[in-house]
Each structure stands twice: as structure tokens, then as C-alpha cells.
S.K.: 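Quick one: this structure, given as C-alpha cells, is what I'll be asking you about.
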Amino acid sequence: MQLIPAPAGVLEVDALWQQDNPNDPNTDTVALLCHPNPLFDGTMNNKVVTTMYRFARDNGMHVVRFNFRGVGQSTGEHDYAEGEVVDAMTVLQWIAEQTNARKLWLGGFSFGGYVIARAAEQVIEAPHVWGLSDFEVSKIAMIAPSVEKNNTSDLSLPADKTFEIYGNADTVIDPDNMQEFAERLGLAVSVVDGAGHFFHGRLSELKKLLEQHSFAEH
């Protein structure tokens, strides 16, 4: 764990570099992961985020997760997704300084699913603003994304690189709304039958689905 400078003070970051080397010659992809809503005890150690972390690690990616402002040792206050997108971009700028890897696997769960989508949008549409013009988004994983309390009407994502996974027994975010969101944007979707919002008892299935979607040929 380390603390990095950020607009709201510092952000607590957990980075895993393959071979303990940020510039490992065999690693070209970095996974950045965003956690669920801090107002409901969401942190980077959430089980779904940890499942994404293990997936990325086990498939040869560098992996970076972090606590949003006001969570853990990260300073500042919850900012209802606005400041959290800036947090994600700040971590991406830090990643750019640490490693030569330039492909991004972007994953987020629940509130973090919405934040990672907005961050992906920035990398794709305005990379020059952030000094990230040499980055390429390879995949965007939205796990039970918060598409109800956050406005997705103007969200623009590459359908061929983005996928959504949710459980049809989710009682936090309406499965019908997640399905409608995916259909509107033309995203690939996997529905885990009987799984709730936190995928209790279904994390191994989730990991397999992450692999299937991430390495699917389009």
C-alpha cells in the first residue's frame, strides 16, 4: 500500500506489478479497479473487486486498486461520482509514471462500475487533457454497475470492448435496468442466475466470466 498525491490530498493505492517489476518486458496490460459505494462501506478490499484483482493478476496483468477519497487512508470526502472519476484519472496518471505498459483493462463494481465507465470515456475521448494519449483501453468490465442513481444517458462506451455482468437476484440495482442499459449501449452481457448484488458464493463463476469476456474474439 502507498499514498499518492491527489486533488483531495492523497489516495491509498495497492499496486501489484508482475515479477515485482513495473516494467516487466512480458507485461503490456495494467488493470485498474474501482470499488463500490463508500457510503455503504465499499472499499478496494471488497470481495468482487478482489475477484477482479485475482483474475487480472493470474492472467499476467499488472493490477492497481485504490480507495476513493474519504475511504481508508485516502483523504477528502465522498463526491457522488464526480470527484471519484478524478480520483481514477489521478491513479491512471500515476500508473503512467510507474510503468511502460500501455494497455488498460478497466474494471468496476457497482458504484465503481459507473466510475470506471466515466474514466474509460475520458481516456478514449479526452486523453490529451490528462496526459494519457499513449494509453489504449482494451476492455471495460462493468460488474453490477450502478446505472440507477447515476446518469448514464450521455455515457459513450465502445461496445466491442465493454461488457456487463450482473446477477438476476440483485436487490440493490434492478436487473431490468442493468439489462436495459446494456442493450441501449449494445454491450455483451452475462447474467448469473440466482446471484445477488455481491455474488455471494458465486465469485468463482464471476472469475470465469471475466476470463471469457476479456479474451473473447470480436
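We number each residue from 1, following the sequence as shown. Fair warning: this is a prediction, and the values are worked out from it, not measured in the lab.
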S.K.: Determine, for Glu211 against Lys208, whether the closest basic-nitrogen to carboxylate-oxygen distance falls under 4.0 angstrom.
M.R.: no
S.K.: Do Pro25 and Asn100 have side chains that approach each other closer than 4.5 Å (heavy atoms only, starting at C-beta)?
M.R.: no
S.K.: Please answer whether the main-chain N or O of Arg57 pairs with a side-chain N or O of Gln18 as donor and acceptor at a distance below 3.5 Å.
M.R.: yes
S.K.: So do Arg102 and Asp28 actually touch side chain to side chain, heavy atoms under 4.5 Å?
M.R.: no
S.K.: Determine whether Tyr114 and Pro145 make a side-chain contact, defined as any pair of heavy atoms from C-beta on separated by less than 4.5 Å.
M.R.: no
S.K.: What closest approach, in Å, do Phe109 and Ala144 show between heavy atoms, and which atom pair accounts for it?
M.R.: CE1-CB, 3.9 Å
S.K.: Just by modelled atom types, is the Asn67 backbone N or O under 3.5 Å from a matching donor or acceptor in the Ser74 side chain?
M.R.: yes
S.K.: Closest approach of Gly9 and Thr75, non-hydrogen atoms and distance?
M.R.: CA-OG1, 3.2 Å
S.K.: Quick one: which residue pairs count as a ring pair (Phe, Tyr, Trp, His ring centres under 6.0 Å) with a foot in residues 32-57, not counting sequence neighbours?
M.R.: His35-Phe68, Phe55-Trp105
S.K.: Checking Thr171 against His197 for the side chain to side chain donor-acceptor pair (under 3.5 Å) test, could you report, in this order, the C-alpha distance in whole Å, the side-chain angles of both residues, the deciding distance, and whether it holds?
M.R.: CA-CA 7 Å; Thr171 57; His197 189 62; over 6 Å; no
S.K.: Begin from the C-alpha positions of Asp154 and Arg118 and carry the test salt bridge (Lys or Arg N to Asp or Glu O under 4.0 Å) through to its verdict.
M.R.: CA-CA 10 Å; Asp154 63 341; Arg118 287 295 183 190; 2.6 Å; yes
S.K.: State, yes or no, whether a side-chain contact exists between Val123 and Trp130 at a heavy-atom distance under 4.5 Å.
M.R.: no
S.K.: Is Ser110 reaching over with its side chain to a backbone N or O of Gly112, donor-acceptor style, under 3.5 angstrom?
M.R.: no
S.K.: Please determine whether residues Val64 and Leu92 belong to a single hydrophobic cluster, defined as Ile, Leu, Val, Met, Phe, Trp and Tyr linked transitively by side-chain heavy-atom distances below 4.5 Å.
M.R.: yes
S.K.: Taking His62 for its side chain and Pro22 for its backbone only, find out whether a donor-acceptor pair lies under 3.5 Å.
M.R.: yes
S.K.: Check Pro175 against Asp170 and note the closest heavy-atom contact, atom names and distance.
M.R.: CD-O, 3.5 Å
S.K.: Check whether any side-chain heavy atom of Ile4 lies under 4.5 Å from a side-chain heavy atom of Val10, and answer yes or no.
M.R.: no
S.K.: Does Thr51 use its side chain to pair, donor to acceptor, with the backbone of Lys47 at less than 3.5 Å?
M.R.: yes
S.K.: Write down the atom of Gly60, the atom of Thr27, and the distance for their closest heavy-atom approach.
M.R.: O-CG2, 3.4 Å
S.K.: Side chains of Gln2 and Trp94: does their closest heavy-atom pair fall under 4.5 Å?
M.R.: yes
S.K.: With a 4.5 Å cut-off on side-chain heavy atoms, are Phe198 and Leu203 touching?
M.R.: no
S.K.: When you look at Leu33 and Met44, which way does the side chain to side chain contact (heavy atoms under 4.5 Å, CB included) test go after all the steps?
M.R.: CA-CA 8 Å; Leu33 312 177; Met44 66 175 169; over 6 Å; no
S.K.: Consider only side-chain heavy atoms of I, L, V, M, F, W and Y, link residues closer than 4.5 Å, and tell whether Leu104 and Leu32 are in one cluster.
M.R.: yes
S.K.: Is there a chain of hydrophobic side chains (I, L, V, M, F, W, Y, each step under 4.5 Å between heavy atoms) that links Leu39 to Val147?
M.R.: no
S.K.: Quick one: does Arg69's side chain have a donor or acceptor within less than 3.5 Å of a partner on Gly83's backbone?
M.R.: yes
S.K.: Looking at Gln73 and Glu12, would you say the former's side chain and the latter's main chain have a donor-acceptor pair under 3.5 Å?
M.R.: no
S.K.: Nearest 0.5 Å, please: how far is NE2 in His213 from OG in Ser190?
M.R.: 2.5 Å
S.K.: Say you draw a straight line from CZ of Phe66 to CG of Leu3; how long is it, rounded to the nearest 0.5 Å?
M.R.: 13.5 Å
S.K.: Would you call Arg202-Asp193 a salt bridge at under 4.0 Å N-O?
M.R.: no
S.K.: Output all residues satisfying ring-ring contact (aromatic ring centres under 6.0 Å, His included) with Phe135, sequence neighbours left out; order by chain, then residue number.
M.R.: none
S.K.: Roughly how far, to the nearest 0.5 Å, is CD of Gln212 from CD of Glu205?
M.R.: 10.5 Å
S.K.: For residues Leu11 and Asp87, report the shortest heavy-atom separation together with the two atoms involved.
M.R.: CD1-O, 3.7 Å
S.K.: If you take all heavy atoms of Met142 and Ala117, which pair is closest and at what distance?
M.R.: CE-CB, 3.8 Å
S.K.: Report yes or no: does Asn168 contribute a side-chain atom to a donor-acceptor pair with the main-chain N or O of Gly194 at less than 3.5 Å?
M.R.: yes
S.K.: Using a 6.0 Å cut-off, check whether atom CD of Glu125 has over 12 heavy atoms from anything other than its own residue.
M.R.: yes
S.K.: Should the heavy atoms of other residues, nucleotides or ligands under 6.0 Å from NZ of Lys103 be counted, would the total exceed 12?
M.R.: no
S.K.: Side chain to side chain contact (heavy atoms under 4.5 Å, CB included) for Val137 and Leu106? Distances and angles first, verdict last.
M.R.: CA-CA 8 Å; Val137 174; Leu106 302 173; 4.1 Å; yes
S.K.: Decide side chain to side chain contact (heavy atoms under 4.5 Å, CB included) for Glu164 and Ile143; before the verdict, give the C-alpha distance in whole Å, the side-chain angles of both, and the deciding distance to 0.1 Å.
M.R.: CA-CA 6 Å; Glu164 180 184 71; Ile143 313 303; over 6 Å; no
S.K.: For residues 177-189, run the donor-acceptor check on the side chains, cut-off 3.5 Å, and write out each pair with its distance to 0.1 Å, sequence neighbours left out.
M.R.:
from: Asn177; atom 1: ND2; to: Glu148; atom 2: OE2; distance (Å): 2.7
from: Gln179; atom 1: OE1; to: Tyr166; atom 2: OH; distance (Å): 2.5
from: Gln179; atom 1: NE2; to: Glu183; atom 2: OE2; distance (Å): 3.0
from: Arg184; atom 1: NH1; to: Thr152; atom 2: O; distance (Å): 3.4
from: Arg184; atom 1: NH2; to: Thr152; atom 2: OG1; distance (Å): 2.9

S.K.: Quick check: does any side chain N or O of Asn21 sit under 3.5 Å from a backbone N or O of Asn23, one acting as donor and the other as acceptor?
M.R.: yes
S.K.: Step through the shown structure and confirm whether more than 12 heavy atoms of other residues, nucleotides or ligands are within 6.0 Å of CZ on Arg54.
M.R.: no
S.K.: Return yes when atom CG of Asp134 has more than 12 non-hydrogen atoms of other residues, nucleotides or ligands closer than 6.0 Å, and no otherwise.
M.R.: yes
S.K.: What distance separates Lys139 NZ from Thr162 OG1, expressed to the nearest 0.5 Å?
M.R.: 8.0 Å
S.K.: When you look at His78 and Val71, which way does the side chain to side chain contact (heavy atoms under 4.5 Å, CB included) test go after all the steps?
M.R.: CA-CA 8 Å; His78 182 67; Val71 180; over 6 Å; no
S.K.: With heavy-atom distances below 4.5 Å as the criterion, would you say the side chains of Val30 and Thr99 are in contact?
M.R.: yes
S.K.: Can you tell me how far apart CD (Glu84) and OG1 (Thr90) are? Round to the nearest 0.5 Å.
M.R.: 11.0 Å
